[in-house]
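Inspection log for the structure reproduced underneath, given as structure tokens.
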Amino acid sequence: MRQTGHRWKWIPTSTNILKQSECEVLKYLKLDWRGKFISLKNHKPNRNNHDTQSKTLVKQNQLWTLMFNENSTRTPIVLIHGLCAAAGLWVNNIEALAHNRPVYAIDLLGFGRSSRPKFSSEAKEAEEQHVESIESWRSAMKLDKFILIGHSMGGFISSSYAMKYPDRVAHLVVVDPWGYPKKPHNFKEIILDDKSILYKFGCKMGMFINPLGVVRFAGPFGHWLISLIMSGFLLKFETLKPDLVEDISRYIYHCNLRKPTGESSFRAMMDFYIWAKNPICDRLVFLRSPLTIIYGERKGLPKLEDCLLRKIRSGHQETNAFVIGNAGHNVHLDNHYEFTQIVNLAAESVDCRLQNLA
């Protein structure tokens, strides 16, 4: 679609600029990679499902996919990013995870370089649309079983996918997942007690505007806003290369200048920003896959209490919960060494289990 002259001037981005920004981030990797748009097939909903919007959503849409070490025969890892993020933000973890197995990092629908379709305003339907797009992607990629890793909102979507398609997920890993516990009765007190301005802003204004709407409104000044409000997050990439900080800032900026349909899907699913209208804990009992939850010891998203997790998962397959020191919401960036160790041990366990079943 052609953009108007006014919009083009005020929001200085394009698909080519976003592509270049992504390449600037990935150039720091010491392994080969390739990217590809994966076309999504039409979804054929269950006959009992009268939601026709999910059926039309995936038609003609594409998921941008980064691929690493594709020739390995080990169980592949699929990475699902969080809100307002994209596949390239796994850059600090890719080399260690793809050392001896395939790794696929995708841009969710409505984010990054993937298609930007309209999502339902109903929470369950918007969630279902994300889930079905991942299943359509899996089918197109001809993946049988894989290890699914999701961060934040990606953990919520990954969990929903694993419950609906348990035979495809050999192990589910969620990293400080969004939407796991129920919204507590004293949620207003929790919001008021928090000292983070961004946290309070998100909880109070998230119902009315998309999370990064202010960045798009700022146009050419949006990059400066990203660098300002996300300075702490950006510095986490210094461990790979100091120059990467500016490249990541530019990448995030251009990822979030396009039509924000992914953010709109989040708004449909969220309840006061940090809770979900349909929390995972209410249905976690239906998860058949082995589960690993990774939290950071510092403040992150609301956590599912360990005793409740054990109670829900009692009698189910392997369940592990880890709290990593010196880490917050972005556990995989704050302490990527321990994060990678946990994931690789889980992945090796999957390899052994699948070999024994063969």
Side-chain angles (χ1 to χ4, degrees), residues 45-46 48-49 54 75-82 104 106 108 123-139 143-183 266 269-271 274-295 300-323 331-332 339 342-343 345-354 357:
N46 188 295
N48 295 325
N49 182 3
S54 290
T75 312
I77 286 175
V78 176
L79 299 172
I80 309 292
H81 63 78
Y104 303 96
I106 69 173
L108 287 170
K124 290 183 179 179
E125 292 178 10
E127 177 185 333
E128 178 78 359
Q129 289 168 304
H130 277 297
V131 167
E132 291 307 326
S133 69
I134 294 174
E135 172 57 14
S136 182
W137 171 87
R138 181 211 60 79
S139 177
L143 297 181
D144 183 22
K145 291 182 179 291
F146 53 91
I147 299 150
L148 184 58
I149 303 177
H151 172 244
S152 194
M153 172 185 160
F156 178 85
I157 300 298
S158 298
S159 300
S160 181
Y161 176 88
M163 285 185 277
K164 184 165 186 179
Y165 297 100
D167 293 335
R168 300 303 180 188
V169 181
H171 197 114
L172 173 65
V173 180
V174 291
V175 188
D176 200 32
W178 171 81
Y180 256 57
K182 292 182 180 180
K183 184 179 72 175
F266 173 77
M269 297 184 292
M270 66 91 176
D271 190 358
I274 57 174
W275 294 282
K277 291 176 181 174
N278 299 297
I280 294 296
C281 67
D282 286 347
R283 42 202 166 121
L284 194 58
V285 66
F286 300 112
L287 178 66
R288 288 163 40 192
S289 305
L291 171 66
T292 294
I293 301 183
I294 304 176
Y295 291 116
L301 291 172
K303 297 175 174 59
L304 186 63
E305 293 183 8
D306 188 66
C307 58
L308 180 58
L309 171 65
R310 302 294 175 185
K311 182 179 179 180
I312 295 173
R313 292 284 289 173
S314 177
H316 285 68
Q317 291 197 51
E318 176 186 357
T319 302
N320 294 297
F322 297 90
V323 178
V331 187
H332 56 302
F339 167 79
I342 292 170
V343 171
L345 283 173
E348 289 170 8
S349 174
V350 169
D351 290 339
C352 292
R353 175 160 48 87
L354 294 181
L357 292 174

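Worth saying up front: this structure is predicted, and the values here are computed from it rather than measured.
- Checked against F156 for a ring-ring contact (aromatic ring centres under 6.0 Å, His included), the options F266, Y161, W178 give a single hit: W178.
- One finds the CG atom of N320 at 10.0 Å from the CG atom of L345 (value rounded to the nearest 0.5 Å).
- A pairwise comparison of heavy atoms in G155 and V174 identifies O-CG1, 3.6 Å as the closest pair.
- Across all non-hydrogen atoms, the minimal contact from I106 to H81 is O-CD2, 3.2 Å.
- A side-chain N or O of E132 and one of Y165 form a donor-acceptor pair less than 3.5 Å apart.
- The minimum heavy-atom distance linking P181 with W275 is given by the pair O-CD1, 4.0 Å.
- The existence of a salt bridge linking E135 and R138 is confirmed by a sub-4.0 Å separation between a basic side-chain nitrogen and an acidic carboxylate oxygen.
- Of the possible polar contacts, none joining the Y295 side chain to the L301 backbone as a donor-acceptor pair under 3.5 Å is found.
- Here T75 contributes atom OG1 and E348 contributes atom CD; the two are 11.0 Å apart, rounded to the nearest 0.5 Å.
- N278 CG to E128 CD: the interatomic distance, rounded to the nearest 0.5 Å, is 11.5 Å.
- Ring pair F146/W137 is perpendicular by interplanar angle, where above 60° counts as perpendicular and below 30° as parallel.
- Taking each heavy atom of K182 and D282 in turn, the nearest pair found is CE-OD1, 2.6 Å.
- Taking OG of S158 as the reference point, atom CG of L291 lies at 11.0 Å (rounded to 0.5 Å).
- Just one residue in the list V169, I149, L143 forms a side chain to side chain contact (heavy atoms under 4.5 Å, CB included) with V78, and that residue is L143.
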